[in-house]
Each structure stands twice: as C-alpha cells, then as structure tokens.
**Student:** 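First the structure, which I've put down as structure tokens, then a few questions once you've had a look.
Letters A, B, ... mirror the listed sequences (proteins, then strands); counts begin at 1.
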Protein chains: 2
Amino acid sequence: MLQLLEATVPIQRRIVRAGDTVFQVGQSFGSLYVVNSGFFKMVNLSNEGREQVVGLQFKGDWLGMDGIAAGHYGCDAVAIDTGEIWSVRYDALMQAALRTPALLTALHEAMSRELVRDHDSLLSLCTLPADARVAGFLRYWADALEQRGLRNDQITLFMTRAEIGNYLGMTLESVSRALTKLARGDVIRFIEKGRRDIQIPTVEALTRFIQHTAAPLERAAALH
Amino acid sequence: MLQLLEATVPIQRRIVRAGDTVFQVGQSFGSLYVVNSGFFKMVNLSNEGREQVVGLQFKGDWLGMDGIAAGHYGCDAVAIDTGEIWSVRYDALMQAALRTPALLTALHEAMSRELVRDHDSLLSLCTLPADARVAGFLRYWADALEQRGLRNDQITLFMTRAEIGNYLGMTLESVSRALTKLARGDVIRFIEKGRRDIQIPTVEALTRFIQHTAAPLERAAALH
DNA sequence: CGTTCATTTGAGAAACCTCAAGATTGGTGG
DNA sequence: CCACCAATCTTGAGGTTTCTCAAATGAACG
C-alpha cells in the first residue's frame, strides 16, 4: 500500500515525535495522512470540552478520513511515539485514483477497516466489564503488531494509564487494577522496571480471559 | 444523492418490513445499500455471541460499507420499520465512479460521516452518564430527522427499550428510568397511550439536560 | 538528591445492574 | 365488542461494579 502510494501520488513526509500533532480538530480538511512508522492516537473533543480517545493508528493506517464530509478534521491526531507520517492532498489522490483504481480500493478498504474497528470498540465498551476491556485492548495492540509483521509477544504502551482508561471508558485506577489482576493470573507480565512494557506469553490467554470474564449473555441475547 | 445514484448506476429496489434483514454478518460482500425510506439498525455479533447495535441508518444513509475490506459484511442490517432499500453492486459503482466522480465524492462523504458518527457514539458512551446518553440518543434521532427535512418535534422510536439500552450500553430498566426522568423534567413528553411516541418540545432542552448531567470534567481533561 | 509525574493500592460512595412484581399495550379469537 | 394473552414497559429494593478521594510508592530527570 505504501509503495503504491509512493508510486502514484505526490507525497510529503514528516518526522514526528511523541506529542506532535498531525492535524487538529476544526482545521480545514485538505489532506489525508498515512502512518509510515510510529503510533498515533485520535482525540475527539466535544462541544463541552469532554476529551475522548476514539482511535489508535499503526503503520499503514490512514488518518483524517473523518474530515472528508465535514470539510474539517473531526479530531486531533497526536503522535504517541517517534515516527514518520506521510501526507497526501485529497484532491490529488482523487485525480490519481481515476488513473489507478487500486488506489481507490486501498482507500476504501482503509475506511472500511476503520468502521469495523469502531464497531469492535463499541462492542467491547457495551458488553465487556472493565477487566476484559483492558485485556481486549492488549489483544488488539498485539494483533495490530502481528498483522504488520512485528513481534507481538512484547509490547510497549506509549500511553499513560489515564489515556488507556479514557480510550476504554474507565478511570486510570481501574486500568491499573485490571493490569495488576492480569499480571497476577500470569496472562501478562511486566518487564524491567517501567510498567509500560508488557510481555504477552500467549494471545490465547488474553482471549480466554476476555471470554471467561464476559458477563453471562442471556440478557444481551434478548434483542429479538 | 439518491437521484445521482439513480441516474448513473443500475439499482435494485426492495420493500422491507420491520424485522426484515437486508444482509447478514458473514455473508459475502457484493453490494452496498442505500436507505430510500424507513429505519435500519446495524447489529454486530461477537465471536462469543454478544450482540451489539452499532448503528442506526436513516434516509440517504449507506449500509454495508464495513464489508468492503473484509469481503463479507461485518454486521446484520435489520429494518426496524417499513421502508425501501436500494442496492448497488459495488463493482458497478466503482465502474460508474470512474465516469462520474461525484459518485465517488458521495460515497466517501457517506463513509466519512459514519466515522464521525461512530466517534460521537464512543464519546457519549465513555463520557456521559446513562441519563445523558438517552437524551443524546433522542437528540441524535431528532437531528437526523431534521437534516432530512422531516418534522422532528415528535419522533416515533421503532425500537424497544432493550434495543435502545443495547445501543447505549445500559439495561432496558435504565432506559426506562431515564425516559421517566426526562418526562418529569418536561424535556420530553409521552404522546397518546404507547410509550414509543415521544414529543420533543425543544431540542435545546435536550442539549441543556446533557450538559447539565455531564459529570464535571476535571478528570477527563487530564489527558495532557 | 530532590522534584515531578506516573502508578499502585485501599476505603468509602455513587451509579448502574439484577431480580422481581405489577402495569400497560396491542393483538387475537371468541 | 370484549376478554384474554403475550410482549413491553415501569417501578422498587438490594447487590455489584466502578468511581472518587486519598495516600504511598516508584520511576525519570535535571
């Protein structure tokens, strides 16, 4: 995907460091961005000032697609680690897409994947208790790394407990307690001194924990 | 948008009644659907059988875009009222889009709007108490009607309390209590006998209720 | 080596869920 | 037209999860 983009559209590259913003909510929409390396969080800001992490983007993911319809970006895109971000003018991309339909396919698939991911988040938020949501978060991160060919037995969270909690709809204390509980059950292990590096013996153990912790679903199944 | 589609792409029309499914999770992806009339819910089903309403679609909205990347639909699309749904072959749409770029714009804006909407849902779920989420749900429905030129001072919910609760991440009892509270404060009114028809004196009152009920946000703002 | 920020842990409070009992409604058949 | 049935909805009481508040510990940095 990255190669395809490189070969067909003018690209601007930019190195970012943790805390840098790629674009901000309200800013006029003009370009889409693609993660070449690093990790990014998307932060939504409500009218009343409530702040919400609504997504995490990894290598190959697109940023800024929520700005296409409104004409301005719908959230802040913030780097949470050093990385490289590519930007593409949306109008240039559309021009190129008419000549190279594969570009269109790539863009549509990226948007589609993000929709699926959002729905997964909603599902977790609504149906899982706090502990399981944290486990699901770690599994998501591990899966994301694996899909990109990176080692996923050991992950570094570039987020504070507060950020993770915000993303998962719970307090930082609840995140801490959940991680402690996971470590006690040997589903995860803390490496070294810092508590940001987490070893994941097996992803299956995480999945088991989620299913085991999930509330009985007689009620949930009563939708019919 | 509907006219544009009609003029440029082969369309298949279908009348649906409440409970009919447009497509089901896992079904092979081939077409996108557009709501001509009626109301639809998108239901996600997790591996373990947890069921989650992840979206509501109104006139002009597209259905099935979460199937583009995976090659199969990611959720069930279920009519919750009588309506008409149009279907368009995705490959035919792409063909037509190369000749009529406006089609592409329309599709991208539809996906973009859905991303924004999903992020709004996440924000509500994570930052608002149950009462305010119900108020936000009613405001969303009223806004959706208004944007489509329909009267929005009186809305008919084609969903049970259980479905609303599922969508909003709470139990049906909590939905009931929230509606009772809203009615007591005269933010909404029940019409007639049934409890499915709700009168909304002013959307502003709903907004005020949400802001008033929102928890103080010192904690939430501590993301920096 | 002290300061600051992040994290952990505990105890009490609050929101929400669960369970249960009645009410209300809409539909169906007598 | 009325009575009954099934489904939905409301309301209450008590339990559970999660949040809030507070304090202590640990790590990072000059």
**Student:** Which residues satisfy the ring-ring contact (aromatic ring centres under 6.0 Å, His included) test with Phe190(B), sequence neighbours excluded?
**Tutor:**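 Once residues adjacent in sequence are excluded, Phe190(B) has no partner under the ring-ring contact (aromatic ring centres under 6.0 Å, His included) criterion.
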
**Student:** Rounded to the nearest 0.5 Å, how far does CD1 of Ile11(A) lie from CG of Leu5(A)?
**Tutor:**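 Atom-to-atom, Leu5(A):CG and Ile11(A):CD1 are 4.0 Å apart.
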
**Student:** Please give, in whole Å, the distance from dA23(C) P to Arg161(B) CZ?
**Tutor:**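 Those two atoms, CZ and P, are 18 Å apart.
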
**Student:** Would you tabulate the pairs of protein nitrogen or oxygen atoms and nucleotide nitrogen or oxygen atoms of nucleotides 15-17 of chain D closer than 3.5 angstrom?
**Tutor:**
none

**Student:** Could you pull out all residues at least two apart from Arg184(A) that satisfy side chain to side chain donor-acceptor pair (under 3.5 Å)?
**Tutor:**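 If we apply the side chain to side chain donor-acceptor pair (under 3.5 Å) test to Arg184(A), skipping adjacent residues, there are no hits.
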
**Student:** My understanding is that only residues two or more places apart in sequence, or in another chain, count here; which of them pass salt bridge (charged side-chain N to carboxylate O under 4.0 Å, His left out) with Asp120(A)?
**Tutor:**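 Salt bridge (charged side-chain N to carboxylate O under 4.0 Å, His left out) check on Asp120(A) returns nothing, list empty.
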
**Student:** Spell out yes or no: do the side chain of Arg184(A) and the base of dT9(C) have one donor N/O and one acceptor N/O closer than 3.5 Å?
**Tutor:**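 In this structure, the two groups form no donor-acceptor pair.
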
**Student:** When the distance from CD1 of Ile198(A) to P of dT8(C) is rounded to whole Å, what number comes out?
**Tutor:**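 The distance from CD1 of Ile198(A) to P of dT8(C) comes to 9 Å, rounded to the nearest Å.
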
**Student:** Does Gln199(A) have more than 12 heavy atoms from other residues, nucleotides or ligands lying within 6.0 Å of its CD?
**Tutor:**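 For Gln199(A), atom CD is crowded (more than 12 foreign heavy atoms under 6.0 Å).
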
**Student:** Show me the pairs that pass side-chain hydrogen bond (donor to acceptor under 3.5 Å, both in side chains) and involve residues 20-32 of chain A, at least two apart or across chains.
**Tutor:**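 Not a single pair qualifies under side-chain hydrogen bond (donor to acceptor under 3.5 Å, both in side chains).
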
**Student:** Return the nearest nucleotide to the side chain of Arg177(A); candidates are dT18(C), dC19(D), dT10(D).
**Tutor:**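 Among the listed nucleotides, the one closest to the side chain of Arg177(A) is dC19(D).
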
**Student:** To 10°, what angle do the rotation axes through the five end pairs on each side of the helix from dC1(C)-dG30(D) to dG30(C)-dC1(D) form?
**Tutor:**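 Answer for the end axes of this duplex: 40°.
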
**Student:** So which nucleotide from dT20(D), dA6(C), dT10(D) ends up closest to the side chain of Thr160(A)?
**Tutor:**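 Taking heavy atoms from C-beta onward, the closest nucleotide is dA6(C).
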
**Student:** Expressed as a whole number of angstroms, how long is the span from Ile191(B):CD1 to dT25(C):P?
**Tutor:**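 Spelled out: CD1 on Ile191(B) to P on dT25(C) is 14 Å.
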
**Student:** Within the pair Thr171(A) and dC19(D), is there a side-chain N or O less than 4.0 Å away from OP1 or OP2?
**Tutor:**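 It does, given that an N or O in the side chain of Thr171(A) lies less than 4.0 Å from OP1 or OP2 of dC19(D).
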
**Student:** Have a look at Arg196(A) and say if it touches a base, only the backbone sugar-phosphate, or nothing, with a 4.0 Å heavy-atom cut-off.
**Tutor:**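 Sugar-phosphate, no base atom in range.
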
**Student:** Would you classify Gly169(B) as touching base, sugar-phosphate or nothing, given that sugar-phosphate means primed atoms plus P, OP1 and OP2, and contacts are heavy atoms under 4.0 Å?
**Tutor:**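 Result for Gly169(B) = sugar-phosphate.
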
**Student:** What N/O pairs connect the protein and nucleotides 12-14 of chain C at under 3.5 Å? Give each pair on its own line.
**Tutor:**
none

**Student:** Rounded to the nearest Å, what distance is computed from the CG atom of residue Leu157(A) to the C1' atom of nucleotide dT7(C)?
**Tutor:**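 About 13 Å, once rounded to whole Å.
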
**Student:** Return each pair, listed once, that meets salt bridge (Lys or Arg N to Asp or Glu O under 4.0 Å) where at least one residue sits in residues 200-213 of chain A; pairs must be two or more places apart or across chains.
**Tutor:**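 Not a single pair qualifies under salt bridge (Lys or Arg N to Asp or Glu O under 4.0 Å).
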
**Student:** With sequence neighbours left out, which residue pairs that include part of residues 55-66 of chain A fulfil the salt bridge (Lys or Arg N to Asp or Glu O under 4.0 Å) condition?
**Tutor:**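 Output for this query lists Asp61(A)-Arg148(A).
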
**Student:** The criterion is ring-ring contact (aromatic ring centres under 6.0 Å, His included); which residues satisfy it with Phe158(B), sequence neighbours excluded?
**Tutor:**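 For Phe158(B) the ring-ring contact (aromatic ring centres under 6.0 Å, His included) partners, ignoring immediate neighbours, are Phe39(B).
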
**Student:** Taking atom types as modelled, is there a side-chain donor on Ser124(A) or Ser121(A) under 3.5 Å from an acceptor on the other?
**Tutor:**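 Note: Ser124(A) and Ser121(A) side chains miss the donor-acceptor criterion.
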
**Student:** side-chain hydrogen bond (donor to acceptor under 3.5 Å, both in side chains): which pairs involve residues 132-143 of chain A, sequence neighbours left out?
**Tutor:**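 Passing the test, one end in residues 132-143 of chain A: Arg139(A)-Thr207(A).
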
**Student:** Using the ring-ring contact (aromatic ring centres under 6.0 Å, His included) criterion, which residues pair with Phe29(B)? Sequence neighbours excluded.
**Tutor:**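 Phe29(B) satisfies ring-ring contact (aromatic ring centres under 6.0 Å, His included) with Tyr73(B), Tyr90(B) once adjacent residues are dropped.
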
**Student:** Could you check which of dT18(D), dT18(C), dT8(C) has an atom nearest any side-chain atom of Leu172(A)?
**Tutor:**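 Closest of the options to the side chain of Leu172(A): dT8(C).
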
**Student:** Would you mind reading off the distance between Glu173(A) atom CD and dC19(D) atom P, rounded to a whole angstrom?
**Tutor:**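 Answer to the nearest Å: 8 Å.
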
**Student:** Can you tell me if Thr180(A) touches the phosphate of dT9(C), counting only side-chain N or O atoms and a distance under 4.0 Å to OP1 or OP2?
**Tutor:**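 Yes, because at least one side-chain N or O of Thr180(A) sits under 4.0 Å from OP1 or OP2 of dT9(C).
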
